[in-house]
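Have a look at the structure below, then the notes.
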Amino acid sequence: MEQAIADCIGRDPEQREFHQVVREFLVSIRPVLDRHPEYRRLAVLERLVEPERMILFRVPWMDDQGGVHVNRGYRVEMSSAIGPYKGGLRFHPSVNLSIIKFLAFEQVFKNSLTTLPLGGAKGGADFDPKGRSDTEVMRFCQAFMAELFRHIGEDTDVPAGDIGVGAREIGYLFGMYKKLQNKFTGVLTGKGLDWGGSLIRPESTGYGIIYFAAEMLGRCGETVAGKRWLVSGSGNVAQFTAEKILHLGGRVLTMSDSSGHIYDEEGIDAAKLAFIKELKNVRRGRIREYCDQYPQAVYVPADPVLGWNPLWHYPADCAVPAATQNEITGQDARHLVAGGVRLVCEGANMPSTPEAIAVFREHAVLFGPAKAANAGGVAVSGLEMVQDSMRMSWTREEVDTRLHAIIRAIHRTCLDEAAAYGREGDYVAGANIAGFVKVASAMLDQGLV
Ligand code: GLU
């Protein structure tokens, strides 16, 4: 196993995020490898850490002033062992091959946990949509799809949104795909409701996180109600995480964007959350504007040289990091513990550094890893694919009920698999083992391909 990690580092020494996620994963599946020597003999790990296919492409586009820009586009198709490639697209200046590979690797096992037949992929571009006009975003999406279209399809690879790619971008991407292929298919998920989208898809990641957190709390005889929650981020995941916390009677104290965070001791209620949704989704403004509307709240600008984020030092009971990778450092984790936080449920992909996870483990903080806790988004994407194939749509209640059932099943599977390998209550081990076993056995069934 150490050999698989060493090979990974040796082959691409600069891909730090990818090494981080592979190391975390491989360490927790060691007991499975010991019980199943065939996985080692047939080099399952060596195959899993090498993507089935990586597509890198040029994306040239023109801004509103006639200036020409060139970005780099990515699609990493990591595994099709259990279904067509599936995973989001991220448009953010930090995007590089390491980040897309880490996300694609996580996606393989997350998708496996959903109980649906979905392989794993991720893609995106180092394009920054911040401050760009609608027409610039449209031209970028069209240029991006002008290459991506030849690699994807409803039975091959089905992209969706992620950071920087929401309903608006999915619309422009879908329009261009349809024009180029002359086919109206469910090639993307997160589509608009009138053209193949699913009810509850926008809410699904956030709602799923809190359904998962509620299951974790339920095991200890606790509920979401009455608890103080620290939430980071203010995009799609954070918004619907906050909404479900409010539905279940919890109190949300914080939200953030890349410029800073707001802390509202009175709690962000439904009306305040509606303000944030309008601010972020329609006006595309900054979270600091919350304090113009609600002056009792505090705005704290982000300070990248600090090495820790003051958002995580407020006294609270539970935390959902829903911004981006590695946002909780070891120091942040110590602040969370000191502030009384007993549960951390990951909303973003890999938001906790390995040091932070070690701190949570040391202090017995209930810890829900992203690939289990945030699987609700891709699960409802899977349900969107089902509805598209049937050319039918389910009601809100039907989709929400299925989402809830999937999250309960994931929670149960994590606990059962952890227990089967002597790691009672360890959600990290349980999620990794359960995700892995299904993919690995499909790989063995299908031979060396
Ligand atoms: N980007 C989301 C995730 O990280 C959703 C992917 C999808 O729906 O395909 O799971």
Side-chain angles (χ1 to χ4, degrees), residues 17 21 74-80 82-92 95 99-125 148 152-167 169-170 173-174 186-191 196-209 212 233 235-241 320-325 345-351 368-388 399 402-403 406-407 410 431 435:
E17 293 82 2
V21 82
Y74 300 83
R75 187 71 179 165
V76 170
E77 296 177 335
M78 195 57 106
S79 168
S80 60
I82 62 169
Y85 305 110
K86 181 85 195 86
L89 298 171
R90 176 176 292 193
F91 290 169
H92 192 269
V95 162
I99 301 241
I100 298 297
K101 278 176 70 180
F102 115 64
L103 291 164
F105 189 78
E106 280 278 283
Q107 199 80 46
V108 172
F109 307 104
K110 181 196 310 198
N111 293 1
S112 161
L113 284 172
T114 62
T115 71
L116 303 170
L118 303 169
K122 205 85 181 194
L148 188 68
I152 61 176
E154 72 276 25
D155 294 322
T156 320
D157 184 353
V158 183
D162 195 81
I163 295 173
V165 178
E169 291 74 17
I170 293 292
L173 291 163
F174 182 82
V187 66
L188 292 158
T189 59
K191 299 184 292 299
S198 173
L199 285 160
I200 300 287
R201 178 62 188 89
E203 295 88 338
S204 56
T205 313
Y207 280 17
I209 290 159
F212 196 86
N236 167 271
V237 179
Q239 290 173 17
F240 290 103
T241 294
V320 179
T324 195
Q325 65 269 0
C345 210
E346 293 190 321
N349 291 313
M350 198 172 78
K371 61 171 80 65
N374 78 17
V378 75
V380 174
S381 277
L383 301 180
E384 182 172 328
M385 290 164 71
V386 175
Q387 294 169 81
D388 287 347
V399 182
R402 286 177 187 270
L403 166 65
I406 289 172
I407 297 292
I410 296 175

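Each residue takes its place number in the sequence, starting with 1. Whatever order the structure lists ligands and atoms in, that order sets their numbers, starting from 1.
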Atom 5 (C) of ligand 1: of Lys122, Glu384, Arg201, the nearest heavy atom sits on Arg201
Under 4.0 Å, counting heavy atoms only: does Gln107 come that close to any atom of ligand 1?
yes
May I ask you to list the atoms of ligand 1 that are less than 4.0 angstrom from any heavy atom of Lys86?
7 (C), 8 (O), 9 (O)
Under a plain distance cut-off of 3.5 Å, with no hydrogens placed, do Thr189 and Lys86 share a side-chain donor-acceptor pair?
yes
Run the numbers for me: atoms of ligand 1, each under 4.0 Å from some heavy atom of Gly87, listed by number.
9 (O)
Going by distance only, is there an N or O of Ser381 that falls short of 3.5 Å from an N or O of ligand 1?
yes
Least distance between heavy atoms, Phe240 atom then Pro202 atom
CD1-O, 3.3 Å
Any Lys191 side-chain heavy atom under 4.5 Å of Asp388 side chain
yes
Got a donor-acceptor contact below 3.5 angstrom from the Glu384 side chain to the Gly190 backbone?
yes
For atom 10 (O) of ligand 1, the protein heavy atom that lies nearest, with its residue and separation:
Lys110 NZ, 2.8 Å
Give the atoms of ligand 1, by number and element, whose distance to some non-hydrogen atom of Gly88 is under 4.0 Å.
1 (N), 6 (C), 9 (O)
Taking heavy atoms and a distance under 4.0 Å, where does Asn374 meet ligand 1: side chain, backbone, both or neither?
neither
Nearest heavy-atom pair of Gly435 and Leu113: which atoms, and what distance?
N-CD2, 3.9 Å
Phe105 and side chain to side chain contact (heavy atoms under 4.5 Å, CB included): which single residue from Met78, Lys110, Lys122, Glu17 fits?
Met78
Could an N or O of ligand 1 be found under 3.5 Å from any N or O of Val158, whether backbone or side chain?
no
With a cutoff of 4.0 Å, is Ala370 in contact with ligand 1, counting heavy atoms of the residue only?
no
Test side-chain contact (heavy atoms from CB on, under 4.5 Å) on Met385 and Leu118; report intermediate values, then the result.
CA-CA 10 Å; Met385 290 164 71; Leu118 303 169; 3.8 Å; yes
Glu346 side-chain N/O to Ala370 backbone N/O, donor-acceptor pair under 3.5 Å
yes
Near Ala160, which atoms of ligand 1 are under 4.0 Å from a heavy atom of that residue?
7 (C), 8 (O), 9 (O)
With a 4.0 Å cut-off on heavy atoms, is Glu106 touching ligand 1?
no
